[in-house]
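Please read the structure below before turning to the comments.
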Amino acid sequence: MDKFMVMAIEEAKATKVEGGSPFGAVLARGEEVIGRGRNLMIQNNDPLSHGEMEAIKAAGLQESYADTVLYTTAFPCLMCAGAIVRYQIPKVIIGASWEHNAPSREFMESHGIELVEWRLEECYALVE
C-alpha cells in the first residue's frame with residue numbers, strides 16, 4: 001500500500017473517532033498531496049461533506065486536475081463521481097468497493113476515468 005492510501009485511511013480513522021462516517025480521501029499530484037479530506041457529514045451537518053469532496057475542496061482551484069490521482073478508502077458515490085468527472089481527475093484508486101457501486105462506476109468509466117480497486121482489508125474493516 002502506498003503513502004497516499006495510508007493517509008486516506010488516517011483520515012477515515014480520524015473522522016470515525018470524531019463520530020463521523022469512516023471515509024477518507026487524498027488528492028495527489030506526483031509525490032505531493034494537494035488535498036486531504038474526511039467525511040464530515042455528521043460533524044458539519046452537511047450532506048455534501050464526503051471525503052472525496054473535502055479532498056477536492058482542500059486542493060482548491062487548480063489550473064488543471066489532469067495530472068492528479070484521487071485515493072479514496074471506499075468507492076465514490078454518484079455525487080463524488082460527478083465532481084471527479086467535472087474536474088477531470090483521470091485516476092481514482094479505491095480501497096474498498098461493493099456491488100451497489102455500479103451506477104457511479106458506470107458513470108466514471110463512461111467519462112474515461114481509470115478506476116483501480118485495491119480491495120484492502122483495512123478499508124473494509126473501517127466500515128464494519
Side-chain angles (χ1 to χ4, degrees):
M1 179 177 357
D2 78 9
K3 66 182 180 181
F4 300 119
M5 185 58 78
V6 169
M7 290 179 210
I9 291 169
E10 288 170 357
E11 292 291 335
K13 287 179 179 177
T15 196
K16 190 172 186 175
V17 167
E18 297 167 354
S21 299
F23 304 106
V26 169
L27 186 61
R29 173 176 286 123
E31 289 300 309
E32 178 188 0
V33 172
I34 62 171
R36 287 176 74 142
R38 65 182 80 163
N39 187 301
L40 296 171
M41 286 179 24
I42 294 168
Q43 298 94 314
N44 293 346
N45 190 31
D46 180 356
L48 304 180
S49 287
H50 290 200
E52 297 90 343
M53 302 294 270
E54 293 298 319
I56 294 167
K57 285 193 313 189
L61 284 175
Q62 302 288 311
E63 188 173 313
S64 171
Y65 296 82
D67 58 347
T68 64
V69 177
L70 181 66
Y71 293 77
T72 181
T73 58
F75 206 98
C77 71
L78 201 49
M79 176 184 69
C80 294
I84 291 163
V85 167
R86 165 63 181 89
Y87 292 104
Q88 300 176 355
I89 297 169
K91 184 175 185 178
V92 181
I93 298 178
I94 303 151
S97 64
W98 297 267
E99 288 183 25
H100 71 271
N101 299 124
S104 58
R105 173 190 310 280
E106 291 166 7
F107 177 69
M108 287 187 286
E109 287 177 340
S110 75
H111 286 85
I113 308 300
E114 179 184 356
L115 304 175
V116 179
E117 295 179 61
W118 284 355
R119 299 184 182 270
L120 300 170
E121 281 303 315
E122 296 95 324
C123 293
Y124 287 106
L126 287 166
V127 296
E128 291 178 353

Can you give me the closest heavy-atom contact between [X] and [Y], atom names plus distance?
X: Pro47; Y: Met79; answer: O-CE, 4.0 Å
X: Ala125; Y: Lys16; answer: O-NZ, 4.1 Å
X: Ala58; Y: Gly35; answer: CB-CA, 4.0 Å
X: Pro22; Y: Leu126; answer: CG-O, 3.2 Å
X: Leu70; Y: Ala55; answer: CD1-CB, 4.4 Å
X: Pro90; Y: Ala66; answer: CG-O, 3.1 Å

Taking [Y]'s backbone N and O only, do any of them form a donor-acceptor pair with [X]'s side chain (distance below 3.5 Å, no angle check)?
X: Thr73; Y: Gly95; result: no
X: Thr72; Y: Glu52; result: no
X: Tyr87; Y: Gly82; result: no
X: Ser97; Y: Phe75; result: no

Within this structure, what is the [atom1]-[atom2] distance for the pair [X] and [Y], rounded to the nearest 0.5 Å?
X: Phe107; Y: Ile84; atom1: CZ; atom2: CD1; result: 9.5 Å
X: Ile89; Y: Tyr65; atom1: CD1; atom2: OH; result: 7.0 Å
X: Met53; Y: Phe23; atom1: CE; atom2: CZ; result: 15.0 Å
X: Ile56; Y: Ile34; atom1: CD1; atom2: CD1; result: 9.5 Å
X: Arg29; Y: Ser64; atom1: CZ; atom2: OG; result: 7.0 Å
X: Met7; Y: Arg36; atom1: CE; atom2: CZ; result: 6.0 Å

Would you call [X] and [Y] a side-chain contact if the rule is heavy atoms closer than 4.5 Å?
X: Ser49; Y: Asn39; result: no
X: Leu40; Y: Glu18; result: yes
X: Val6; Y: Glu10; result: yes

Going only through I, L, V, M, F, W and Y residues with side-chain contacts under 4.5 Å, is there a path from [X] to [Y]?
X: Leu78; Y: Ile113; result: yes
X: Val116; Y: Leu27; result: no
X: Val92; Y: Met1; result: no
X: Ile9; Y: Val26; result: yes

Practice task
Before accepting this row, confirm whether a basic side-chain N of the pair Lys57/Glu54 lies closer than 4.0 Å to the acidic partner's carboxylate O.
Solution key: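 Salt bridge flag = yes for Glu54 with Lys57.
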Practice task
Fit a plane to each ring of Tyr71 and Phe4, take the angle between them on a 0 to 90° scale, and name the class: parallel (under 30°), tilted (30 to 60°) or perpendicular (over 60°).
Solution key: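 Plane angle between 30° and 60°, so tilted.
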Handout entry: Distance-only polar pair, side chains of Arg38 and Gln43, donor-acceptor under 3.5 Å
Key =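 Their side chains do not contain a donor-acceptor pair, so the 3.5 Å distance test is not met.
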Exercise for the section: May I ask you to check whether over 12 heavy atoms, not counting those of Lys13, lie within 6.0 Å of atom NZ? Expected result: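 Incorrect, the count does not exceed 12.
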Practice task
Answer yes or no: does atom CD of Gln88 have more than 12 heavy-atom neighbours from other residues, nucleotides or ligands under 6.0 Å?
Solution key: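 No, the 6.0 Å shell around CD holds no more than 12 heavy atoms from other groups.
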